Amino acid sequence: MKFLNPALDDLEPYVPGEQPRTNEFIKLNTNENPYPPAPETATAVAATIQQLQLYPDPTCDGLMTDLAAYLGVKEENVFLANGSDEVLGFCFQRLMGQGVAFPDITYGFYKVFAQMYGVATEVIPLQEDFTIDFADYQGVTGTIIFANPNAPTSYGKSLAEMEALVAADPERLVIVDEAYVEFGGETLVPLTAKYDNLLVVGTFSKAWQLAGARLGYAVGCPALMEELNRVKFSFNPYSINSMTMAAGKAALQDLGYHRQCLNAVIQTRTMTTGALEDLGFEVLPSQTNFLFAKHSQVAGEELYQRLKEHNVLVRWFSQDRIKDYIRITIGTPEQMIKMLEIMEVLR
Ligand SMILES: *Cc1c(COP(=O)(O)O)cnc(C)c1O
């Protein structure tokens with residue numbers, strides 16, 4: 001086809017975890033929250049339907065006010081988009097002028113975006129034990145991006161270490177993807193007031209039970225927000241629809257429910273970690289809503305297949321360094337117990 005853009009001939013798209021169309025599976029493969037959205041969400045979303053003939057508010061005023069208040073920053077420090085994937089896409093379009101550096105094991109979308117937007121990429125291997133050593137980033141001049149806590153390793157870096165990385169070079173942008181921070185990491189949002197070269201990316205998909213609504217955000221200095229808005233308003237000013245805005249607002253209005261669900265996931269994580277260890281797994285200490293675990297006898301792919309045969313979906317990555325592991329999302333206690341029952345044969 002002569003009309004294709006050759007720059008994308010080798011593009012390898014991101015492969016999302018399976019989303020089966022039936023309810024027969026226990027889904028522990030895409031780090032969704034096992035609990036439903038805040039109780040008021042249904043009413044709030046329903047109320048927008050009478051106004052669906054209108055375009056959504058391109059500045060997301062109400063949601064913006066509530067989110068900025070929740071994060072303890074000013075509205076001029078917040079950017080909203082259709083899921084954090086879209087935020088990240090805009091970052092790769094505009095904020096990687098000096099190239100990008102990220103770990104070999106981290107969120108798979110960074111590599112795809114870099115390819116998509118032709119960004120010069122430096123991949124920096126994690127340490128042998130899957131931790132990040134910032135000494136490895138000393139000479140890097142391009143934008144640094146990784147998830148903190150990282151995925152799929154579930155490890156987090158401390159606030160002090162992160163601040164040292166950001167402070168090391170004010171000319172170098174550090175983008176921290178905090179998709180899982182609510183489950184036990186330390187957020188860098190307060191540091192955005194101090195450092196103009198820090199951008200924090202967050203999402204409502206994991207800790208706010210709204211993966212299906214598609215809502216993500218970034219926090220940083222006004223100049224960075226302005227650049228992200230330039231890209232967004234050159235692409236789709238309405239990327240957040242009215243229903244999603246209402247859902248996001250409803251989530252932020254019920255912080256009690258938010259905390260309750262977070263605590264439940266964290267408790268279930270502790271229970272599941274212990275039970276997996278009893279079955280001969282090595283489980284990395286998790287600051288997220290998933291566990292990264294490997295069995296002493298059974299290969300990752302086999303575990304994945306065995307669970308799938310019993311209608312439990314987990315995530316397995318074929319990447320060489322991590323192919324012995326499976327990533328298990330923390331579900332409800334009942335879901336975890338079923339998953340563990342299937343694993344009992346390993347005992
Ligand atoms: C899930 C996830 C995202 C994507 O979140 P959306 O807001 O649903 O697009 C981004 N980064 C990491 C590390 C994730 O795990």
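The figures here come from the full heavy-atom set of this structure, side chains too, leaving out hydrogens, waters and symmetry mates. Read the numbers this way: they start at 1 and go in the same order the structure lists the ligands and their atoms. In this text the structure is predicted, and so the values were computed from the model without any measurement.
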Task: Protein residue, atom and distance nearest to atom 14 (C) of ligand 1, heavy-atom basis - done: Lys206 NZ, 3.0 Å
Task: For atom 9 (O) of ligand 1, closest protein heavy-atom neighbour - done: Arg214 NH2, 2.7 Å
Task: Nearest-contact summary for atom 15 (O) of ligand 1 - protein heavy atom, Å - done: Tyr180 OH, 2.5 Å
TODO: For atom 8 (O) of ligand 1, find the nearest protein heavy atom and state the residue, atom name and distance (0.1 Å precision).
DONE: Ser205 OG, 2.6 Å
Open item on the list: Is Asp177 close enough to touch ligand 1? Criterion: a residue heavy atom under 4.0 Å from a ligand atom.
Closed with: yes
Task: Asn82 and Tyr238: side chain donor to acceptor below 3.5 Å - done: no
TODO: Give yes or no for whether the N/O distance cutoff of 3.5 Å, strictly under, is met between Asp85 and ligand 1.
DONE: yes
- [ ] Decide whether a cation-pi geometry holds between Lys157 and Phe134; the criteria are a distance under 6.0 Å from NZ or CZ to the six-membered ring centre and an angle within 45° of the ring axis.
- [x] yes
- [ ] Ignoring hydrogens and angles, state whether a donor on the side chain of Ser205 or Glu32 is under 3.5 Å from an acceptor on the partner side chain.
- [x] no
Open item on the list: Tell me whether Tyr110 has any N or O atom under 3.5 angstrom from an N or O of ligand 1.
Closed with: no
Task: Lys232 charged N/C atom sitting above Phe79 aromatic ring, 6.0 Å / 45° - done: yes
TODO: List every atom of ligand 1 that sits less than 4.0 Å from any heavy atom of Gly83, numbering the atoms from 1 in the order shown and giving each element.
DONE: 7 (O), 9 (O)
Task: Distance from atom 5 (O) of ligand 1 to nearest protein heavy atom, with residue and atom - done: Ser84 OG, 2.9 Å
Task: 4.0 Å heavy-atom contact, Phe109 with ligand 1 - done: no
Task: Asp177-Tyr110 side chain donor-acceptor pair, cut-off 3.5 Å - done: yes
Open item on the list: Counting only heavy atoms closer than 4.0 Å, does ligand 1 sit against the backbone of Phe204, its side chain, both, or neither?
Closed with: neither
TODO: Using non-hydrogen atoms of the residue, decide whether Gly216 is closer than 4.0 angstrom to ligand 1.
DONE: no
Task: Centroid separation Phe290 to Tyr180 less than 6.0 Å - done: yes
Task: Partner of Lys249 under salt bridge (charged side-chain N to carboxylate O under 4.0 Å, His left out), chosen from Asp66, Asp57, Asp254 - done: Asp66
Open item on the list: Looking at Thr329 and Asn31, would you say the former's side chain and the latter's main chain have a donor-acceptor pair under 3.5 Å?
Closed with: yes
Open item on the list: Once you restrict to heavy atoms under 4.0 Å, what part of Ala147 touches ligand 1? Side chain, backbone, both or neither.
Closed with: side chain
Task: Residue-ligand contact Glu86/ligand 1, heavy atom below 4.0 Å - done: no
TODO: Among Ile124, Ile132, Val123, find the one that has a side chain to side chain contact (heavy atoms under 4.5 Å, CB included) with Pro103.
DONE: Ile132
